[in-house]
Each structure stands twice: as structure tokens, then as C-alpha cells.
Amino acid sequence: MQGYLKEELQKVLKEKYNLSGVEFKVQRPKRKEFGDLATNVAFILSKHLKRNPFEIAQELARELGKNPSFESVEVAKPAFINVRFSKDYYYGVLKDILTKGFDYFRENLGLGRRVQVEYVSANPTGPLHLGHGRGAVVGDVISNLLEFYGWDVTREYYINDAGNQIRMLGISILYRYLELMLSLIYEGAYSSQSYLFAPPGEATKKDKLYARISELFREIGEEFEQNGYRGEYIKELAQKVYDLYREQILELPKEEAITFLSEFGLKEMLEEIKRDLEDFGITFDVWFSEKSLYQTRYVEKTLNYLREKGLLYEKDGAVWFKTTEFGDDKDRVVIKKDGSYTYFASDIAYHYNKYLRGFHKVIDVWGADHHGYVPRVKAAIKAFGVPENWLDVELVQLVKLFRDGKEVKMSKRAGNFVTLRELLDEVGKDVIRFWFITKRSDTPLEFDIDKAKEESSENPVFYVQYAHARISGIFREVLNRKGFDAEVEFEFKPELLNSETELELIKHLATLRDELISIAQSREIHLLPNLAVELVKRFHYYYNHYRVMVDDEELMKARLALLKAIRTALRLIFHFIGISAPERM
RNA sequence: GGGGGCGUAGCUCAGCAGGAUAGAGCGCGGGGCUCCGGACCCCGAGGUCGCGGGUUCAAAUCCCGCCGCCCCCA
């Protein structure tokens, strides 16, 4: 309805003042005496026209008042124009929702254009933690919205499988594997005849194993101590390696063993990450490997392209990219002194690749600790001649976890972080998804596990889901008692809903359409939970004050229609947030 | 040192492309179906919008400075 009013106003501005493209605001007033929608357009015009805003408001109101969709158009105090829509307009809204369902709320903002949303992209060297989980929800919810509003969305996960950290994963697994082997030997494994017997003058098989373990410990021990991954999951991986390959790993040369275990660990971790995300309601269209950028020589090609444009130079034995020419505060290294590429190099190549894949827009959801990285990547994009706003970066701040009123400190290196999986098992998908987007994503989130769990009945997630279950329950009851099936399409007389409360509810649904569109445009997804709570509050109020199952069958049908419309809106919001819409609780 | 963010009710947070009497949930105090799901509803208390300036018809909202906390870079 905001869109409708804006269009009507623009028409009037064009006809009466020959103005177009004037930016003004149409919003729902805080107090309902001020009508359904209010606009500040007269204030804005007073600057353009250099006239008293109040007079302008009166002129505009007179024009708008001619339109039958408006019941009244009034001018208030300084120069607000307050508009009230007619009942028929609202009854039309209700009918629309019943016949069109989700489509009533739809608007083709994307025009079928392709957009890529890249999110999570966590290093596959460990399980997902809460910060990843938050990024996952943010990316997923944004994708849901864009998809609904007419964009062709590709959800993508960028796998950092090329750097040194993958080798470190292999070393870490090897280290734990060696520990495991050692303890097995101490516990008496490898004590059978074949291991203890040896021809005179030769070491036993067991001794050889022991010697090899010691040797490898010496070779990788220091590296592990310095940079190894310490989490329990590494030990689990080592156990898995042992279960599959027994002592065979020891027979490989050191580097081969590390490579083998790196790849093994990578594959296992990716599978685990994929599982966790699926249980979190998240799937990706593309899992994009960083390594593949090297294998297809994409990094090389990208750098050549930049070199031809004269944007690379050598200094101190390294190769630099003149990002300062595109707004960065200093140039950046793309090839280090030792000849290896920097992460930045592959990131440029990756974004160049995204561009060549033909996305109209790209949204990267990153951890906020990468925010210093944004100007660099944006600079690279400009160097490719891509418009700057082609790439949007959504920064997602940390999640602080509280248990028993105390913060649970997390460190990935020390391995004492809480994984997404643990939280998922403890409080469930819906609760996490809902809470993770209740706060603007660029500010840190405090997640109180006790509140999320113990007070589940006082939890807003359950509050909104309860409303959905309640409506469904009523429908079941109506079918039982009255033999009327509200789940199928039915005729009703909207004009029977003429109480203040009922009209307000329909208005609210019409407003909701505007607000959802605005959220999709601004990507302010943290407002979605609010919207759900607000709608549900009105529903519960209505339910407590009006009976649905009344003897007057026509009235009952009209009220059922209203509940059904509310349920449709709820389902849509739940769909965006990615939580379930339970039929019963 | 440079950059970014945050500071609104006891707690967690909305509101901030300026707009009318600053909102929600939780918590707290009081109340509400013999009847469609009480995981609900109603009423109430609770705020110098961190502090100080500026911009203007109008500032929680924009600008400047300061204080406090967090993050990134060097």
C-alpha cells in the first residue's frame, strides 16, 4: 500500500507542479489517529517550491481525496498528510491473500537477474563454530529473501583448500595418529608373534614401528607445537585413520603421509561441515575450491590480465598490485618473495571468476574481522572495470556465548570453542536461527544458552510458532465440530469483519507486505523476528477477544479467512528465517 | 598511531536516508475464560536515548569534540 500511495503522489506532483523523482517518505504513523499512512512530502516540497508546507499539504490532500481507494486524506499540525484507506481496499487485500497466498506478498525486485551469495566459507580445518553459524544464517536468510523477490540466486561456499593450513591439518592428524599408535603399543597391541619375532641380528617389527614413530615425532613435533590444531576432532580423525589404515601410514615417506592425511582430513571435515549445515537447514548450490583456481591457472591468468594493464610491479623481490589506484590505502603483495601467491591473489582471481560467470550482483558474507580486507577486494574489482556496487560485503560480528551467566571464552587454536553442532544438539535449529538474526549482524551478538533453552516457553521463537500451531489447531477443531474445512479454498464475505480489531489486523497484513519488501531491499534481516512477534501479538489479542466458532456460519467463515491470511503471512516470515511452521506443539 | 563498530528501560535489543507522546521481548507488580489450544491475553511501574557543543521549523536520528567498551590494521 505504501507503493500505491507513493505512485499516486508522484502522479499528482507531476501534474500539479511538474516535478518528478522527488524523494519523500511514506510511513505508518505511530498513532492510529493519524491514519493508515502518513507522508512528509509537503515538507520536502516546501524546499523545492519555497512555499509554506502547510498550504502545499492542503493542495495535495485535496487532489488525493478524489481517489476512492482513500477514505480520508487529512492535513495535520506542521504539514503531515495523513491518509486513511477505505474498507473496500482492505477487504480486497484479504481476498487477495486468500486466493494468491505467498504471491500476494511477492514483488519482482530482482527481475530474474542472477545474484551470488557467498557465505560461511569456513576453513575446512575444523568444525564450524558459532560465528560461522551466524554467518550461515545471515547468508541463508538473505538468499531466501532475494529468491522470493525475483532474483536468480546462487548460494556458494568457497573452500580454502589451497593454503598452508591444509598441510597443517595433515600434520596435526599425523601427530595425533602417532600418539595413538604409541599408546596402542604400550597397551600391548602389536605384541603377537609376527611383531615380536625377528631373525637374529634384525629388529622386530614392533621395534621398527616404534623407531618410525619416534622419527616422525622428531620431524613434525615442533611444527605441531607451534601451529597445530588442538581440538578433539583431530584425535577423532586420527582414530578414523587408524581404523581404516592401521599402521600403514608409517610406511609412507613423511611428506607423502602428510599430503595423504591432509587430503583425508579435508574430505572428512568438508563432509562434516556439509552435514552440520544441512541439519541447520542450509544447502549450497556450489562448493567452490580455491585449489581449482590454481589448477585451472586462473590465478595466473588473472595476474597476467592485471600485468597487461600495468597494475603490477616488483619491489623488494615481491610482486605488488597497485590497489591504491582504486582507493586502497596502500598497495598489496600478490606474489611473495619465495614465489608463492598470497591469499589476496586467489581472492582476486575468485572474484574475477565470479564476474566472468555473469552474476549481476555478488554478496559476500564475511566475518567482521575481515573488514580491513574489503577495500582491497573492492579495489581489485574496480581494476577489472566492474562497477563498485556490483559487490556488497555483509560483515557478521562474533557470537559471544553465555552459560550460567558467564561468557564462554572461545579459541580455535586451543580447541576449546563451542561448535555449531553442539549448540544445534542442545537448543535446536529454530531457536538458533531465530536468535542469530535478532540483532543487526554487524554488531556482536550475545547468546545466552540458558535463556534459549530453559526458558523455552518464554522464548519468542516458541511464541510465534505457537500462534501458527494454534491457528492450525482451530482449523482442525472447526473441521471436527462443524464439518467445515478451512484448509481448502472457500467463499467468504469480508465485509462481515467490521470491528476495529479486525480491520486493524487486515491493515497490518497489508503493511507487512511493504515492510517485507523494504527488508529485502535493505537486507535488514534482523527486523524479521520483530515482524513475526508483532503479527502474532495481534493475532493472540484477536483470538482472546473474538470467537471464531460462532453459530453464524458466514461470520465464522470470514473470521477463518482472516486467520488463514495471518497464517499465510507467518509461514512466509518463517520461510525467510528458515524455521519450521509446526501444525501442533 | 590509523580505520571500523557499539553506547536507548534492571537484562537482551529495535528505532537512526531527521518528523508528531521513544518501542518490543525477558524480568518485576497486579488482574483475566465452566466456553475454539492459558506455550495466551489485559493493566501497571521502569528512560537526562553515554557526555558536551553545533546544524533547523524539528535531533535518539545529521556534523564536531570528549568518555567508555569491542574489532581490524601497523
Side-chain angles (χ1 to χ4, degrees), chain A residues 23-25 27 29-35 38-44 46-47 52-54 76-82 131 328-330 332 366-376 393 395-398 400 402 405 434-435 437-448 450-452 454-482 484 486 501 518 521-522 524 526-534 536-551 556 559-560 563 582-585:
Chain A
E23 299 263 328
F24 56 87
K25 224 166 165 176
Q27 59 185 184
K30 285 167 196 156
R31 305 173 57 189
K32 61 185 173 204
E33 303 95 88
F34 297 142
T39 173
N40 66 345
V41 66
F43 295 100
I44 308 290
S46 82
K47 282 185 183 132
N52 180 335
F54 192 78
K77 282 179 234 164
F80 293 101
I81 300 174
N82 297 330
D328 199 2
D329 56 355
K330 61 182 182 182
R332 307 290 173 176
W366 289 354
D369 51 342
H370 292 86
H371 81 85
Y373 215 70
V374 177
R376 239 174 273 197
V393 179
L395 295 174
V396 179
Q397 277 283 7
L398 298 174
K400 285 187 192 173
F402 285 79
F434 193 92
W435 281 63
I437 60 164
T438 49
K439 191 171 175 182
R440 273 179 41 202
S441 48
D442 62 355
T443 57
L445 175 80
E446 298 191 1
F447 189 91
D448 189 325
D450 304 309
K451 261 190 195 162
E454 287 166 26
E455 300 175 29
S456 61
S457 61
E458 300 297 334
N459 196 311
V461 189
F462 291 93
Y463 177 69
V464 296
Q465 288 182 320
Y466 175 67
H468 186 274
R470 205 177 194 186
I471 293 174
S472 299
I474 293 163
F475 287 4
R476 284 193 296 272
E477 200 60 24
V478 170
L479 185 59
N480 276 341
R481 293 203 202 176
K482 306 261 182 181
F484 181 80
T501 309
S518 141
Q521 281 167 330
S522 61
E524 291 171 306
H526 63 283
L527 299 178
L528 288 171
N530 282 345
L531 285 190
V533 170
E534 234 173 81
V536 162
K537 201 164 40 168
R538 286 163 185 270
F539 157 69
H540 283 310
Y541 176 87
Y542 178 56
Y543 181 79
N544 265 275
H545 293 263
Y546 292 79
R547 297 191 59 74
V548 176
M549 258 183 264
V550 289
D551 291 336
M556 178 181 82
R559 289 184 173 168
L560 285 170
L563 294 198
E583 295 295 318
R584 26 170 72 86
M585 292 172 75

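You'll find that the side chain of A:N544 is closest to B:C41, out of B:C36, B:A20, B:C41. For A:T443, whose side chain is taken as the heavy atoms from C-beta onward, the closest listed nucleotide among B:C36, B:C6, B:C40 is B:C6. Comparing B:G37, B:C36, B:C41 by their closest approach to the side chain of A:V548 singles out B:C36. Of the candidates B:C36, B:A20, B:C41, B:C41 carries the atom nearest the A:H545 side chain, counting heavy atoms from C-beta on. For A:K439, whose side chain is taken as the heavy atoms from C-beta onward, the closest listed nucleotide among B:A14, B:C40, B:G19 is B:A14. Distances from the side chain of A:R470 to the nucleotides B:C36, B:G38, B:C41 place B:G38 closest. Out of B:G37, B:C41, B:G25, the shortest distance to the side chain of A:Y541 is found at B:C41. Closest contact between the side chain of A:P460 and the listed nucleotides B:G37, B:C42, B:G25 involves B:G25. Ranking B:G32, B:A24, B:C36 by closeness to the A:K537 side chain, first place goes to B:A24. Listed nucleotides B:G19, B:U12, B:C16 differ in distance to A:R440; the shortest reach to its side chain belongs to B:C16.
When the salt bridge (Lys or Arg N to Asp or Glu O under 4.0 Å) test is applied to A:R481, the partners found at least two apart in sequence or on another chain are A:E477. Checked against side chain to side chain contact (heavy atoms under 4.5 Å, CB included), A:T443 has the following partners two or more places apart in sequence or in another chain: A:K439, A:R440. Taking the ring-ring contact (aromatic ring centres under 6.0 Å, His included) definition, one finds that A:F475 meets it with nothing, sequence neighbours left out. The salt bridge (Lys or Arg N to Asp or Glu O under 4.0 Å) search around A:E446 returns none, not counting sequence neighbours. By the side chain to side chain contact (heavy atoms under 4.5 Å, CB included) test, A:Y466 is found to be paired with A:R470, A:H540, A:M585, residues two or more places apart in sequence or in another chain being considered.
The phosphate of B:G15 (OP1 or OP2) has a side-chain N or O of A:H526 nearer than 4.0 angstrom. Regarding contacts with the backbone of B:C41, a side-chain N or O of A:Y463 is found under 4.0 angstrom from either OP1 or OP2.
The gap from the P atom of B:A22 to that of B:A59 amounts to 13 Å, rounded to the nearest Å. For the P atoms, the distance from B:C43 to B:A24 is 10 Å, rounded to whole Å. Nucleotides B:C63 and B:C16 have their C1' atoms positioned 14 Å apart, rounded to a whole Å. Separation of the P atoms belonging to B:G7 and B:A17 is 14 Å when rounded to the nearest angstrom. The C1' atoms of B:G68 and B:G50 are separated by 8 Å, rounded to the nearest whole Å. One C1' atom belongs to B:C36, the other to B:C41, and the distance between them is 15 Å to the nearest Å. When the P atom is compared between B:G46 and B:G23, the two are found 14 Å apart, to the nearest whole Å. Comparing the P positions of B:U48 and B:A60 gives an interatomic distance of 14 Å, to the nearest angstrom.
Residue A:D442 is the one, among A:D442 and A:A469, whose nearest nucleotide of RNA chain B lies closer to the 5' end (criterion: closest heavy atom). Each of A:G473 and A:E446 was assigned the nucleotide of RNA chain B with the nearest heavy atom; the assignment lying further toward the 5' end belongs to A:E446.
Annotation: the span from A:N459 atom CG to A:W435 atom CH2 amounts to 5.5 Å, rounded to 0.5 Å.
Remark: the A:N82 side chain and the B:A20 base include a donor-acceptor N/O pair separated by less than 3.5 Å.
Rounded to whole angstrom, the span from the CG atom of A:N480 across to the C1' atom of B:G37 amounts to 13 Å. Following rounding to the nearest Å, A:H468 (NE2) and B:G37 (P) show an atom-to-atom distance of 16 Å. The distance from atom CD of A:E524 to atom C1' of B:U61 is 14 Å, rounded to the nearest whole Å. Rounded to whole Å, atom P of B:C13 lies 15 Å from atom CZ of A:F434. For the pair A:L528 CG and B:G25 C1', the interatomic distance rounds to 16 Å; values are reported in whole Å. Rounded to a whole Å, the CH2 atom of A:W435 is 9 Å from the C1' atom of B:G25. If you take CZ of A:R538 and C1' of B:C42, they are 16 Å apart, rounded to a whole angstrom. Distance, A:L531 CG to B:G15 C1': 13 Å, rounded to whole Å.
Of the possible donor and acceptor atoms, one in the side chain of A:R559 sits under 3.5 Å from a partner among the backbone N and O of A:R547. Within the 3.5 Å criterion, the main-chain N or O of A:H468 finds a donor-acceptor partner in the side chain of A:S472.
Looking at heavy-atom distances under 4.0 Å, A:R476 makes contact with a base. Contact annotation for A:L527: backbone-only contact, meaning every heavy-atom pair under 4.0 Å involves sugar-phosphate atoms and none involves a base. Among the atoms of the strands shown, none is found under 4.0 Å from any heavy atom of A:A467. Within 4.0 Å of A:Y546, counting heavy atoms only, lies at least one base atom of the nucleic acid. A:R584 comes within 4.0 angstrom of a nucleotide base, judged by non-hydrogen atoms across all strands.
B:C11 and B:G25 make up a base pair, with Watson-Crick or G-U wobble contacts both under 3.5 Å. Checking B:G1 for Watson-Crick or G-U wobble geometry (two distances, each under 3.5 Å) identifies B:C73 as its partner. Nucleotide B:C6 is matched to B:G68 when pairs are restricted to Watson-Crick or G-U wobble geometry with both distances under 3.5 angstrom. Checking B:U61 for Watson-Crick or G-U wobble geometry (two distances, each under 3.5 Å) identifies no partner in any strand.
In this pair, A:Y543 lays its aromatic ring flat on the base of B:C36, centres within 5.5 Å and planes under 30 degrees apart.
Atom CG of A:N480 has more than 12 heavy atoms from other residues, nucleotides or ligands within 6.0 Å.
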Could you run through nucleotides 67-74 of chain B and give me one letter per nucleotide, 5' to 3': B if any protein heavy atom sits under 4.0 Å from the base, S if only the sugar-phosphate is that close, - if neither? ----BS-S

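Between A:Y543 and A:F539, the ring-plane angle classifies as tilted under the 30° and 60° cut-offs.
With contacts defined as side-chain heavy-atom distances shorter than 4.5 Å, the pair A:K537/A:Y463 qualifies.
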